[in-house]
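Single-structure report; data block below.
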Amino acid sequence: MEQAREAAARGVRAIVRRLSSDRLHSAAALIVFLALWEGAVRLGYQDEFWVSRPTLVVDKIGEWLQDGTLSTNLVRTMRIAATAFLISAVGAVVVGSAFARLRWIDDVLGWYVDIVYAVPKPALVPLFLFAFGLGDTPKFLLVVLLVFFVFYYNVRAGLATSKQSHRDALLMLGASERDVWVNLTLPTLVPFLVASARLSAALAILGTVFAEFFSYTPGMGRLVISAQYALDATSLLSVVTVLTMVGVLVDNLLRRFDRRVSSWRL
Amino acid sequence: MAAVKDRSGARYRSSVWLGRTLILVGLLAFFEVAPGRWLDELLVAQPSAIGRTLGEWMGLDGGDAVLWGAIRSTLGRAAGGLIIGTVLGLVAAFLVWRSKHIANLFEPVAAVVNSVPRIVLVPLFILWLGSGLAPIMVYVVGTAFFPIFYNVLQGLRSSDRVMLDSLRVMGAQDRDLLSAYLVPHSREYALAALMISAPLTLVSTIVGEMLMSAGGLGGLLVASRNDFDTDGIYAATLVAASLGVVTNVAVRSWNTKQRSRALEAEGL
(Lines give C-alpha, C1' and ligand atoms only; values in the text may rest on other atoms or scores of the structure.)
Protein backbone atom coordinates (compact mmCIF):
# COMPACT_ATOMS: atom_id res chain seq x y z
CA MET A 1 0.00 0.00 0.00
CA GLU A 2 2.74 2.38 1.07
CA GLN A 3 4.78 1.35 -1.94
CA ALA A 4 1.89 1.83 -4.29
CA ARG A 5 1.29 5.33 -2.99
CA GLU A 6 4.94 6.17 -3.37
CA ALA A 7 4.98 4.84 -6.89
CA ALA A 8 1.91 6.90 -7.72
CA ALA A 9 3.48 10.03 -6.26
CA ARG A 10 6.63 9.41 -8.26
CA GLY A 11 4.53 8.98 -11.38
CA VAL A 12 2.72 12.26 -10.79
CA ARG A 13 6.00 14.07 -10.14
CA ALA A 14 7.46 12.63 -13.33
CA ILE A 15 4.44 13.82 -15.31
CA VAL A 16 4.61 17.30 -13.82
CA ARG A 17 8.32 17.48 -14.56
CA ARG A 18 7.77 16.44 -18.13
CA LEU A 19 5.06 19.00 -18.69
CA SER A 20 6.60 22.22 -19.85
CA SER A 21 5.33 25.44 -18.35
CA ASP A 22 3.37 26.02 -21.55
CA ARG A 23 1.42 22.87 -21.01
CA LEU A 24 0.81 23.67 -17.35
CA HIS A 25 -0.51 27.00 -18.50
CA SER A 26 -2.91 25.41 -20.94
CA ALA A 27 -4.05 22.90 -18.37
CA ALA A 28 -4.60 25.65 -15.78
CA ALA A 29 -6.55 27.80 -18.24
CA LEU A 30 -8.70 24.83 -19.20
CA ILE A 31 -9.40 23.90 -15.59
CA VAL A 32 -10.33 27.48 -14.66
CA PHE A 33 -12.63 27.68 -17.66
CA LEU A 34 -14.36 24.40 -16.80
CA ALA A 35 -14.71 25.43 -13.14
CA LEU A 36 -16.28 28.77 -14.11
CA TRP A 37 -18.69 26.97 -16.42
CA GLU A 38 -19.69 24.44 -13.79
CA GLY A 39 -20.07 27.18 -11.18
CA ALA A 40 -22.11 29.48 -13.40
CA VAL A 41 -24.62 26.72 -14.11
CA ARG A 42 -24.79 25.42 -10.54
CA LEU A 43 -25.36 28.91 -9.17
CA GLY A 44 -28.10 29.49 -11.72
CA TYR A 45 -26.47 32.16 -13.88
CA GLN A 46 -26.78 29.91 -16.90
CA ASP A 47 -29.51 27.48 -17.85
CA GLU A 48 -28.39 23.87 -17.56
CA PHE A 49 -30.71 22.81 -20.36
CA TRP A 50 -28.95 24.94 -22.96
CA VAL A 51 -25.33 25.02 -21.88
CA SER A 52 -25.06 21.81 -19.84
CA ARG A 53 -22.02 21.58 -17.54
CA PRO A 54 -18.71 19.70 -17.50
CA THR A 55 -19.65 17.12 -14.87
CA LEU A 56 -22.79 16.20 -16.80
CA VAL A 57 -20.62 15.67 -19.87
CA VAL A 58 -18.28 13.40 -17.91
CA ASP A 59 -21.29 11.43 -16.61
CA LYS A 60 -22.67 11.15 -20.12
CA ILE A 61 -19.40 9.82 -21.50
CA GLY A 62 -19.22 7.35 -18.61
CA GLU A 63 -22.78 6.23 -19.36
CA TRP A 64 -21.94 5.77 -23.05
CA LEU A 65 -18.86 3.78 -22.14
CA GLN A 66 -20.97 1.47 -19.99
CA ASP A 67 -23.88 0.85 -22.31
CA GLY A 68 -21.67 0.44 -25.37
CA THR A 69 -22.96 3.50 -27.23
CA LEU A 70 -19.49 4.91 -27.47
CA SER A 71 -17.72 1.76 -28.58
CA THR A 72 -20.35 0.97 -31.24
CA ASN A 73 -20.40 4.42 -32.76
CA LEU A 74 -16.79 5.42 -32.32
CA VAL A 75 -15.43 2.11 -33.61
CA ARG A 76 -17.66 2.34 -36.64
CA THR A 77 -16.62 5.90 -37.42
CA MET A 78 -12.95 5.18 -36.85
CA ARG A 79 -13.03 2.03 -38.94
CA ILE A 80 -14.43 3.83 -41.94
CA ALA A 81 -12.06 6.75 -41.47
CA ALA A 82 -9.03 4.45 -41.16
CA THR A 83 -9.91 2.23 -44.11
CA ALA A 84 -10.61 5.11 -46.44
CA PHE A 85 -7.51 6.90 -45.17
CA LEU A 86 -5.26 3.93 -45.96
CA ILE A 87 -6.77 3.27 -49.38
CA SER A 88 -6.49 6.92 -50.28
CA ALA A 89 -2.94 7.29 -48.99
CA VAL A 90 -1.69 4.26 -50.89
CA GLY A 91 -3.56 5.38 -54.00
CA ALA A 92 -2.12 8.88 -53.78
CA VAL A 93 1.43 7.57 -53.39
CA VAL A 94 1.01 5.29 -56.40
CA VAL A 95 -0.64 7.97 -58.54
CA GLY A 96 1.79 10.66 -57.40
CA SER A 97 4.87 8.57 -58.15
CA ALA A 98 3.46 7.38 -61.47
CA PHE A 99 2.60 10.92 -62.59
CA ALA A 100 6.07 12.11 -61.60
CA ARG A 101 7.54 9.57 -64.05
CA LEU A 102 5.06 9.85 -66.92
CA ARG A 103 5.30 13.41 -68.13
CA TRP A 104 2.52 13.48 -70.69
CA ILE A 105 0.04 11.68 -68.42
CA ASP A 106 0.98 14.12 -65.67
CA ASP A 107 0.38 17.15 -67.87
CA VAL A 108 -2.99 15.81 -68.99
CA LEU A 109 -4.40 14.16 -65.85
CA GLY A 110 -2.53 16.29 -63.30
CA TRP A 111 -4.47 19.25 -64.63
CA TYR A 112 -7.70 17.51 -63.68
CA VAL A 113 -6.28 16.64 -60.26
CA ASP A 114 -5.56 20.35 -59.70
CA ILE A 115 -9.12 21.22 -60.67
CA VAL A 116 -10.75 18.61 -58.45
CA TYR A 117 -8.49 19.72 -55.61
CA ALA A 118 -10.17 23.14 -55.65
CA VAL A 119 -13.68 21.66 -55.39
CA PRO A 120 -15.25 22.12 -51.95
CA LYS A 121 -15.35 18.43 -51.04
CA PRO A 122 -18.16 18.51 -48.45
CA ALA A 123 -20.43 19.92 -51.15
CA LEU A 124 -20.14 16.57 -52.92
CA VAL A 125 -21.79 14.67 -50.06
CA PRO A 126 -25.40 15.23 -51.15
CA LEU A 127 -24.51 13.95 -54.63
CA PHE A 128 -22.72 10.91 -53.21
CA LEU A 129 -25.66 10.15 -50.94
CA PHE A 130 -28.03 10.53 -53.83
CA ALA A 131 -26.08 8.33 -56.23
CA PHE A 132 -24.77 5.70 -53.82
CA GLY A 133 -27.45 5.52 -51.14
CA LEU A 134 -27.29 5.96 -47.42
CA GLY A 135 -24.68 3.28 -46.68
CA ASP A 136 -20.96 3.63 -46.14
CA THR A 137 -19.99 4.41 -49.75
CA PRO A 138 -20.57 8.20 -49.52
CA LYS A 139 -18.40 8.38 -46.39
CA PHE A 140 -15.65 6.38 -48.05
CA LEU A 141 -15.74 8.60 -51.12
CA LEU A 142 -15.61 11.83 -49.12
CA VAL A 143 -12.70 10.69 -46.94
CA VAL A 144 -10.80 9.25 -49.91
CA LEU A 145 -11.12 12.61 -51.67
CA LEU A 146 -10.16 14.63 -48.59
CA VAL A 147 -7.07 12.54 -47.87
CA PHE A 148 -5.94 11.97 -51.44
CA PHE A 149 -4.85 15.49 -52.23
CA VAL A 150 -2.85 15.94 -49.06
CA PHE A 151 -0.78 12.85 -49.87
CA TYR A 152 -0.66 13.49 -53.59
CA TYR A 153 0.79 17.00 -53.31
CA ASN A 154 3.19 15.96 -50.57
CA VAL A 155 4.44 12.99 -52.58
CA ARG A 156 4.99 15.27 -55.55
CA ALA A 157 6.88 17.73 -53.37
CA GLY A 158 8.88 14.90 -51.82
CA LEU A 159 9.83 13.40 -55.16
CA ALA A 160 10.87 16.83 -56.40
CA THR A 161 13.38 17.10 -53.55
CA SER A 162 15.06 13.74 -54.26
CA LYS A 163 18.22 14.52 -56.16
CA GLN A 164 18.68 13.34 -59.71
CA SER A 165 22.44 13.09 -59.08
CA HIS A 166 21.90 10.60 -56.24
CA ARG A 167 19.71 8.57 -58.52
CA ASP A 168 22.24 8.63 -61.33
CA ALA A 169 25.02 7.62 -58.95
CA LEU A 170 23.03 4.63 -57.69
CA LEU A 171 22.09 3.55 -61.20
CA MET A 172 25.72 3.86 -62.31
CA LEU A 173 26.79 1.65 -59.45
CA GLY A 174 24.50 -1.01 -60.85
CA ALA A 175 21.37 -0.50 -58.73
CA SER A 176 18.10 -1.68 -60.20
CA GLU A 177 15.03 0.57 -60.33
CA ARG A 178 13.76 -1.34 -57.33
CA ASP A 179 16.96 -0.67 -55.38
CA VAL A 180 16.67 3.02 -56.12
CA TRP A 181 13.06 3.02 -54.96
CA VAL A 182 13.83 1.16 -51.71
CA ASN A 183 17.10 2.92 -50.85
CA LEU A 184 16.59 6.44 -52.13
CA THR A 185 13.05 7.36 -53.06
CA LEU A 186 11.22 5.79 -50.15
CA PRO A 187 13.50 7.21 -47.43
CA THR A 188 13.17 10.65 -49.03
CA LEU A 189 9.40 10.29 -49.03
CA VAL A 190 8.94 9.10 -45.46
CA PRO A 191 8.96 12.54 -43.78
CA PHE A 192 6.53 13.82 -46.40
CA LEU A 193 4.26 10.84 -45.83
CA VAL A 194 4.28 11.33 -42.08
CA ALA A 195 3.53 15.02 -42.54
CA SER A 196 0.62 14.12 -44.84
CA ALA A 197 -0.66 11.61 -42.32
CA ARG A 198 -0.64 14.23 -39.59
CA LEU A 199 -2.40 16.76 -41.81
CA SER A 200 -5.05 14.37 -43.04
CA ALA A 201 -5.79 12.09 -40.06
CA ALA A 202 -8.11 14.66 -38.49
CA LEU A 203 -9.63 15.37 -41.91
CA ALA A 204 -10.43 11.67 -42.30
CA ILE A 205 -12.20 11.45 -38.95
CA LEU A 206 -14.12 14.70 -39.39
CA GLY A 207 -14.99 13.86 -42.98
CA THR A 208 -16.55 10.61 -41.81
CA VAL A 209 -18.47 12.39 -39.06
CA PHE A 210 -19.70 15.03 -41.50
CA ALA A 211 -20.95 12.44 -43.97
CA GLU A 212 -22.64 10.60 -41.09
CA PHE A 213 -24.61 13.77 -40.31
CA PHE A 214 -26.55 13.11 -43.48
CA SER A 215 -26.53 9.34 -43.79
CA TYR A 216 -28.43 8.08 -40.74
CA THR A 217 -26.05 5.16 -40.18
CA PRO A 218 -24.55 4.45 -36.75
CA GLY A 219 -21.53 6.58 -35.96
CA MET A 220 -20.45 9.69 -34.10
CA GLY A 221 -22.15 11.87 -36.72
CA ARG A 222 -25.53 10.33 -36.08
CA LEU A 223 -25.04 10.78 -32.33
CA VAL A 224 -24.60 14.48 -33.06
CA ILE A 225 -27.70 14.74 -35.23
CA SER A 226 -29.97 12.83 -32.86
CA ALA A 227 -28.70 14.97 -29.98
CA GLN A 228 -29.39 18.09 -32.01
CA TYR A 229 -32.96 17.01 -32.71
CA ALA A 230 -33.45 16.18 -29.03
CA LEU A 231 -32.02 19.60 -28.00
CA ASP A 232 -29.58 17.62 -25.86
CA ALA A 233 -26.61 19.93 -25.21
CA THR A 234 -24.91 17.41 -22.91
CA SER A 235 -24.74 14.74 -25.60
CA LEU A 236 -23.52 17.25 -28.19
CA LEU A 237 -20.74 18.40 -25.88
CA SER A 238 -19.88 14.79 -25.08
CA VAL A 239 -19.39 14.00 -28.77
CA VAL A 240 -17.29 17.15 -29.15
CA THR A 241 -15.17 16.11 -26.17
CA VAL A 242 -14.68 12.55 -27.36
CA LEU A 243 -13.75 13.62 -30.89
CA THR A 244 -11.35 16.28 -29.60
CA MET A 245 -9.63 13.68 -27.42
CA VAL A 246 -9.42 11.19 -30.28
CA GLY A 247 -8.01 13.87 -32.56
CA VAL A 248 -5.35 14.95 -30.07
CA LEU A 249 -4.47 11.31 -29.34
CA VAL A 250 -4.06 10.40 -33.01
CA ASP A 251 -1.96 13.49 -33.62
CA ASN A 252 0.27 12.68 -30.65
CA LEU A 253 0.80 9.13 -31.85
CA LEU A 254 1.71 10.35 -35.33
CA ARG A 255 4.05 12.99 -33.89
CA ARG A 256 5.83 10.33 -31.88
CA PHE A 257 6.09 8.14 -34.94
CA ASP A 258 7.42 11.13 -36.86
CA ARG A 259 10.13 11.72 -34.28
CA ARG A 260 11.13 8.07 -34.43
CA VAL A 261 11.34 7.70 -38.20
CA SER A 262 12.94 11.04 -38.86
CA SER A 263 15.43 11.10 -35.99
CA TRP A 264 18.23 10.76 -38.52
CA ARG A 265 17.29 14.10 -40.07
CA LEU A 266 18.59 15.98 -36.97
CA MET B 1 17.64 19.16 -71.46
CA ALA B 2 15.92 17.59 -74.40
CA ALA B 3 12.98 16.72 -72.17
CA VAL B 4 12.58 20.31 -70.99
CA LYS B 5 12.67 21.63 -74.52
CA ASP B 6 10.24 18.93 -75.55
CA ARG B 7 7.84 19.98 -72.80
CA SER B 8 7.61 23.59 -73.84
CA GLY B 9 7.37 22.80 -77.55
CA ALA B 10 4.21 23.83 -79.34
CA ARG B 11 3.58 20.31 -80.58
CA TYR B 12 3.87 18.86 -77.12
CA ARG B 13 1.59 21.52 -75.70
CA SER B 14 -1.09 20.95 -78.29
CA SER B 15 -0.94 17.20 -77.66
CA VAL B 16 -1.48 17.87 -73.95
CA TRP B 17 -4.48 20.08 -74.66
CA LEU B 18 -5.79 17.48 -77.06
CA GLY B 19 -5.53 14.87 -74.30
CA ARG B 20 -7.35 17.09 -71.81
CA THR B 21 -10.11 17.90 -74.28
CA LEU B 22 -10.53 14.28 -75.34
CA ILE B 23 -10.98 13.20 -71.72
CA LEU B 24 -13.56 15.90 -71.10
CA VAL B 25 -15.45 15.16 -74.29
CA GLY B 26 -15.25 11.42 -73.58
CA LEU B 27 -16.70 11.85 -70.08
CA LEU B 28 -19.48 14.12 -71.31
CA ALA B 29 -20.35 11.72 -74.12
CA PHE B 30 -20.33 8.73 -71.79
CA PHE B 31 -22.67 10.37 -69.30
CA GLU B 32 -24.91 11.63 -72.10
CA VAL B 33 -25.35 8.08 -73.41
CA ALA B 34 -25.04 5.94 -70.29
CA PRO B 35 -28.12 6.90 -68.19
CA GLY B 36 -30.96 4.56 -69.05
CA ARG B 37 -28.61 2.09 -70.72
CA TRP B 38 -25.83 1.18 -68.31
CA LEU B 39 -26.56 3.50 -65.42
CA ASP B 40 -29.77 4.17 -63.52
CA GLU B 41 -31.29 7.31 -65.04
CA LEU B 42 -32.87 8.17 -61.70
CA LEU B 43 -29.42 8.43 -60.15
CA VAL B 44 -27.23 9.78 -62.94
CA ALA B 45 -28.09 12.92 -64.86
CA GLN B 46 -27.17 13.61 -68.48
CA PRO B 47 -24.91 16.63 -69.04
CA SER B 48 -27.53 18.13 -71.35
CA ALA B 49 -30.18 17.85 -68.63
CA ILE B 50 -27.80 19.42 -66.11
CA GLY B 51 -27.24 22.26 -68.56
CA ARG B 52 -30.98 22.71 -68.99
CA THR B 53 -31.49 22.89 -65.22
CA LEU B 54 -28.70 25.42 -64.93
CA GLY B 55 -30.39 27.46 -67.65
CA GLU B 56 -33.66 27.37 -65.72
CA TRP B 57 -31.88 28.47 -62.55
CA MET B 58 -30.36 31.36 -64.42
CA GLY B 59 -33.84 32.42 -65.42
CA LEU B 60 -33.28 31.73 -69.13
CA ASP B 61 -36.80 30.27 -69.44
CA GLY B 62 -38.31 33.38 -67.92
CA GLY B 63 -38.72 31.84 -64.45
CA ASP B 64 -37.07 32.71 -61.17
CA ALA B 65 -33.30 33.13 -61.36
CA VAL B 66 -32.60 31.21 -58.14
CA LEU B 67 -28.96 30.61 -58.98
CA TRP B 68 -27.70 34.18 -58.71
CA GLY B 69 -29.39 34.66 -55.35
CA ALA B 70 -27.84 31.45 -54.02
CA ILE B 71 -24.36 32.33 -55.26
CA ARG B 72 -24.67 35.88 -53.96
CA SER B 73 -25.70 34.81 -50.48
CA THR B 74 -23.00 32.12 -50.24
CA LEU B 75 -20.28 34.47 -51.48
CA GLY B 76 -21.58 37.28 -49.25
CA ARG B 77 -21.50 35.12 -46.14
CA ALA B 78 -18.09 33.73 -47.01
CA ALA B 79 -16.64 37.18 -47.70
CA GLY B 80 -18.22 38.65 -44.57
CA GLY B 81 -16.89 35.80 -42.43
CA LEU B 82 -13.47 36.07 -44.04
CA ILE B 83 -13.24 39.81 -43.40
CA ILE B 84 -14.46 39.59 -39.79
CA GLY B 85 -12.27 36.58 -39.04
CA THR B 86 -9.22 38.21 -40.63
CA VAL B 87 -9.67 41.47 -38.73
CA LEU B 88 -10.20 39.63 -35.45
CA GLY B 89 -7.20 37.42 -36.18
CA LEU B 90 -4.96 40.40 -36.92
CA VAL B 91 -6.05 42.27 -33.79
CA ALA B 92 -5.68 39.16 -31.61
CA ALA B 93 -2.24 38.39 -33.05
CA PHE B 94 -1.07 41.94 -32.37
CA LEU B 95 -2.42 41.96 -28.81
CA VAL B 96 -0.94 38.54 -28.03
CA TRP B 97 2.40 39.63 -29.45
CA ARG B 98 2.30 42.97 -27.60
CA SER B 99 1.43 41.77 -24.11
CA LYS B 100 2.81 38.78 -22.25
CA HIS B 101 -0.28 38.72 -20.01
CA ILE B 102 -2.72 38.52 -22.87
CA ALA B 103 -0.54 35.86 -24.47
CA ASN B 104 -0.61 33.78 -21.30
CA LEU B 105 -4.37 34.05 -21.10
CA PHE B 106 -5.31 33.76 -24.73
CA GLU B 107 -2.85 31.35 -26.28
CA PRO B 108 -3.74 28.22 -24.27
CA VAL B 109 -7.43 28.92 -24.83
CA ALA B 110 -6.85 29.37 -28.56
CA ALA B 111 -4.88 26.12 -28.68
CA VAL B 112 -7.72 24.20 -27.02
CA VAL B 113 -10.43 25.84 -29.10
CA ASN B 114 -8.47 25.21 -32.27
CA SER B 115 -8.11 21.49 -31.53
CA VAL B 116 -11.87 21.07 -31.13
CA PRO B 117 -13.42 19.73 -34.34
CA ARG B 118 -15.29 22.80 -35.58
CA ILE B 119 -17.69 20.92 -37.81
CA VAL B 120 -19.17 19.12 -34.78
CA LEU B 121 -19.69 22.48 -33.09
CA VAL B 122 -22.12 23.67 -35.77
CA PRO B 123 -25.09 21.73 -34.32
CA LEU B 124 -24.16 23.16 -30.93
CA PHE B 125 -24.08 26.70 -32.34
CA ILE B 126 -27.49 26.04 -33.88
CA LEU B 127 -28.77 24.95 -30.48
CA TRP B 128 -27.39 28.04 -28.79
CA LEU B 129 -27.86 30.73 -31.40
CA GLY B 130 -31.04 29.60 -33.10
CA SER B 131 -31.52 28.95 -36.78
CA GLY B 132 -30.71 32.42 -38.11
CA LEU B 133 -27.53 33.56 -39.74
CA ALA B 134 -25.56 33.60 -36.47
CA PRO B 135 -24.45 29.93 -36.25
CA ILE B 136 -23.13 29.93 -39.82
CA MET B 137 -21.29 33.18 -39.30
CA VAL B 138 -19.68 32.02 -36.04
CA TYR B 139 -18.49 28.89 -37.81
CA VAL B 140 -17.16 30.78 -40.84
CA VAL B 141 -15.46 33.45 -38.73
CA GLY B 142 -13.86 30.68 -36.66
CA THR B 143 -12.55 29.06 -39.83
CA ALA B 144 -11.03 32.31 -41.05
CA PHE B 145 -9.62 33.35 -37.66
CA PHE B 146 -7.08 30.65 -36.83
CA PRO B 147 -4.88 30.59 -39.96
CA ILE B 148 -4.43 34.36 -39.91
CA PHE B 149 -3.97 34.50 -36.13
CA TYR B 150 -1.25 31.85 -36.00
CA ASN B 151 0.54 32.98 -39.15
CA VAL B 152 0.62 36.67 -38.31
CA LEU B 153 1.63 35.91 -34.74
CA GLN B 154 4.53 33.90 -36.10
CA GLY B 155 5.38 36.79 -38.41
CA LEU B 156 5.34 39.31 -35.56
CA ARG B 157 7.43 37.04 -33.36
CA SER B 158 10.01 36.66 -36.08
CA SER B 159 10.39 40.44 -36.24
CA ASP B 160 13.76 41.94 -35.45
CA ARG B 161 13.95 42.95 -31.76
CA VAL B 162 16.92 45.24 -32.32
CA MET B 163 15.08 47.06 -35.07
CA LEU B 164 12.00 47.49 -32.88
CA ASP B 165 14.06 48.72 -29.94
CA SER B 166 15.90 51.23 -32.10
CA LEU B 167 12.62 52.50 -33.53
CA ARG B 168 11.25 52.90 -30.03
CA VAL B 169 14.35 54.75 -28.87
CA MET B 170 13.81 57.11 -31.76
CA GLY B 171 10.37 57.79 -30.32
CA ALA B 172 8.15 55.52 -32.41
CA GLN B 173 4.69 54.80 -31.01
CA ASP B 174 2.81 51.52 -31.56
CA ARG B 175 1.16 53.08 -34.57
CA ASP B 176 4.48 54.04 -36.15
CA LEU B 177 5.95 50.61 -35.45
CA LEU B 178 3.00 49.05 -37.21
CA SER B 179 3.08 51.22 -40.30
CA ALA B 180 6.84 51.44 -40.64
CA TYR B 181 7.92 47.94 -39.81
CA LEU B 182 5.44 45.37 -38.50
CA VAL B 183 2.85 45.50 -41.25
CA PRO B 184 5.34 45.24 -44.12
CA HIS B 185 7.21 42.53 -42.22
CA SER B 186 4.14 40.37 -41.46
CA ARG B 187 2.58 40.89 -44.86
CA GLU B 188 3.94 37.68 -46.35
CA TYR B 189 2.64 35.70 -43.40
CA ALA B 190 -0.81 37.27 -43.72
CA LEU B 191 -0.91 36.56 -47.46
CA ALA B 192 0.09 32.95 -46.92
CA ALA B 193 -2.70 32.61 -44.34
CA LEU B 194 -5.25 34.15 -46.70
CA MET B 195 -4.28 31.62 -49.36
CA ILE B 196 -5.44 28.96 -46.91
CA SER B 197 -8.35 30.70 -45.22
CA ALA B 198 -10.12 32.18 -48.25
CA PRO B 199 -10.95 28.84 -49.93
CA LEU B 200 -11.65 27.33 -46.50
CA THR B 201 -14.24 29.96 -45.62
CA LEU B 202 -16.10 29.17 -48.83
CA VAL B 203 -16.16 25.48 -47.87
CA SER B 204 -17.28 26.34 -44.33
CA THR B 205 -20.07 28.55 -45.60
CA ILE B 206 -21.41 25.80 -47.85
CA VAL B 207 -21.09 23.28 -45.02
CA GLY B 208 -22.95 25.60 -42.64
CA GLU B 209 -25.69 26.17 -45.20
CA MET B 210 -25.98 22.42 -45.75
CA LEU B 211 -26.33 21.72 -42.04
CA MET B 212 -28.94 24.43 -41.57
CA SER B 213 -30.65 24.24 -44.97
CA ALA B 214 -30.20 28.00 -44.88
CA GLY B 215 -30.35 29.03 -48.52
CA GLY B 216 -27.24 29.70 -50.53
CA LEU B 217 -25.52 26.95 -52.47
CA GLY B 218 -25.49 24.58 -49.48
CA GLY B 219 -29.24 25.02 -49.11
CA LEU B 220 -29.71 24.46 -52.83
CA LEU B 221 -27.70 21.21 -52.63
CA VAL B 222 -29.69 19.83 -49.70
CA ALA B 223 -33.00 20.97 -51.15
CA SER B 224 -32.41 19.28 -54.51
CA ARG B 225 -31.41 16.09 -52.74
CA ASN B 226 -34.53 16.17 -50.57
CA ASP B 227 -36.67 16.71 -53.66
CA PHE B 228 -34.97 13.77 -55.45
CA ASP B 229 -34.31 16.23 -58.25
CA THR B 230 -31.64 14.30 -60.17
CA ASP B 231 -30.68 17.09 -62.57
CA GLY B 232 -30.86 19.67 -59.81
CA ILE B 233 -28.44 17.93 -57.50
CA TYR B 234 -25.85 17.51 -60.25
CA ALA B 235 -26.34 21.12 -61.32
CA ALA B 236 -25.97 22.43 -57.75
CA THR B 237 -22.86 20.32 -57.19
CA LEU B 238 -21.39 21.59 -60.43
CA VAL B 239 -22.01 25.20 -59.41
CA ALA B 240 -20.46 24.67 -55.96
CA ALA B 241 -17.47 22.94 -57.54
CA SER B 242 -16.99 25.72 -60.11
CA LEU B 243 -17.22 28.37 -57.41
CA GLY B 244 -14.49 26.54 -55.48
CA VAL B 245 -12.26 26.39 -58.55
CA VAL B 246 -12.85 30.06 -59.38
CA THR B 247 -12.10 31.11 -55.79
CA ASN B 248 -8.90 29.11 -55.80
CA VAL B 249 -7.69 30.53 -59.09
CA ALA B 250 -8.62 34.07 -58.01
CA VAL B 251 -6.81 33.76 -54.68
CA ARG B 252 -3.72 32.35 -56.35
CA SER B 253 -3.46 35.01 -59.04
CA TRP B 254 -4.18 37.76 -56.50
CA ASN B 255 -1.45 36.36 -54.30
CA THR B 256 1.10 36.26 -57.13
CA LYS B 257 0.25 39.84 -57.99
CA GLN B 258 0.67 40.96 -54.38
CA ARG B 259 3.98 39.15 -54.13
CA SER B 260 5.37 40.68 -57.29
CA ARG B 261 4.20 44.09 -56.11
CA ALA B 262 5.95 43.54 -52.77
CA LEU B 263 9.12 42.60 -54.62
CA GLU B 264 8.85 45.73 -56.76
CA ALA B 265 8.47 47.82 -53.63
CA GLU B 266 11.70 46.32 -52.35
CA GLY B 267 13.34 47.29 -55.59
CA LEU B 268 13.90 43.79 -56.87
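Everything numeric here is computed off the predicted structure, so don't read it as measured data. First the proteins, then the strands, lettered A, B, ... as listed; each starts at 1.
Only the side chain of A/L109 comes within contact range of chain B, with at least one heavy atom under 4.5 Å from a heavy atom of that chain. Both the backbone and the side chain of A/L127 come within less than 4.5 Å of a heavy atom of chain B. For A/V116, no part lies near chain B; criterion is any non-hydrogen pair under 4.5 Å. Contacts between A/Y112 and chain B at a heavy-atom distance below 4.5 Å involve the side chain alone, from C-beta outward.
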Between A/F214 and B/L211, does the side-chain contact (heavy atoms from CB on, under 4.5 Å) criterion hold? Intermediate values first, please. CA-CA 9 Å; A/F214 299 92; B/L211 287 174; 3.7 Å; yes
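For residues 22-38 of chain B, a heavy-atom distance under 4.5 Å to chain A picks out B/I23, B/L24, given by residue number.
Between chain B and the residues A/G221, A/A233, A/P126, A/A202, the most heavy-atom pairs under 4.5 angstrom are made by A/P126. Of the listed residues (B/N226, B/I206, B/L221), the greatest number of heavy-atom pairs within a distance under 4.5 Å of chain A belongs to B/L221. Each of A/D251, A/L129, A/V125, A/T241 has some count of heavy-atom pairs under 4.5 Å with chain B, and the biggest count is that of A/L129. In terms of heavy-atom pairs under 4.5 Å with chain B, the best-connected choice from A/V248, A/V240, A/V224 is A/V240.
A/L236 CG to B/W128 CH2: the interatomic distance, rounded to the nearest 0.5 Å, is 8.5 Å. Rounded to the nearest 0.5 angstrom, B/L127 CG and A/Q228 CD are separated by 7.5 Å.
Using the six-membered ring where Trp is involved, A/F130 and B/F228 have ring planes that are tilted, between 30° and 60° apart.
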Using distance only, find each side-chain donor-acceptor pair of residues 240-253 of chain B under 3.5 Å and give its atom names and separation, not counting sequence neighbours.
unit_1	atom_1	unit_2	atom_2	d
B/S242	OG	B/L238	O	2.6
B/T247	OG1	B/L243	O	2.5
B/S253	OG	B/V249	O	3.3
B/S253	OG	B/A250	O	3.2

Show me, pair by pair, the donor-acceptor contacts under 3.5 angstrom made by side chains of residues 112-124 of chain B, not counting sequence neighbours?
unit_1	atom_1	unit_2	atom_2	d
B/S115	OG	B/A111	O	3.4
B/S115	OG	B/V112	O	2.9

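Residues A/F213 and B/M210 have side chains not in contact (no heavy-atom distance under 4.5 Å, counting atoms from C-beta outward). Counting heavy atoms from C-beta on, the side chains of B/V203 and A/K121 never come closer than 4.5 Å. B/V16 has its side chain within reach of A/W104: a pair of non-hydrogen atoms, C-beta onward, lies under 4.5 Å apart.
Residues passing the ring-ring contact (aromatic ring centres under 6.0 Å, His included) test with A/F49, sequence neighbours excluded: none.
Sparse packing is recorded around OH of A/Y117, with 12 or fewer heavy atoms of other residues, nucleotides or ligands lying under 6.0 Å away. No more than 12 heavy atoms of other residues, nucleotides or ligands sit less than 6.0 Å from atom CZ of B/R72.
For the residue pair A/V108 and B/G19, the shortest heavy atom distance occurs at CG1-C, 3.7 Å. For the pair A/P122 and B/V207, the tightest heavy-atom approach, listed with the atom from each and the gap, is CB-CG2, 3.4 Å.
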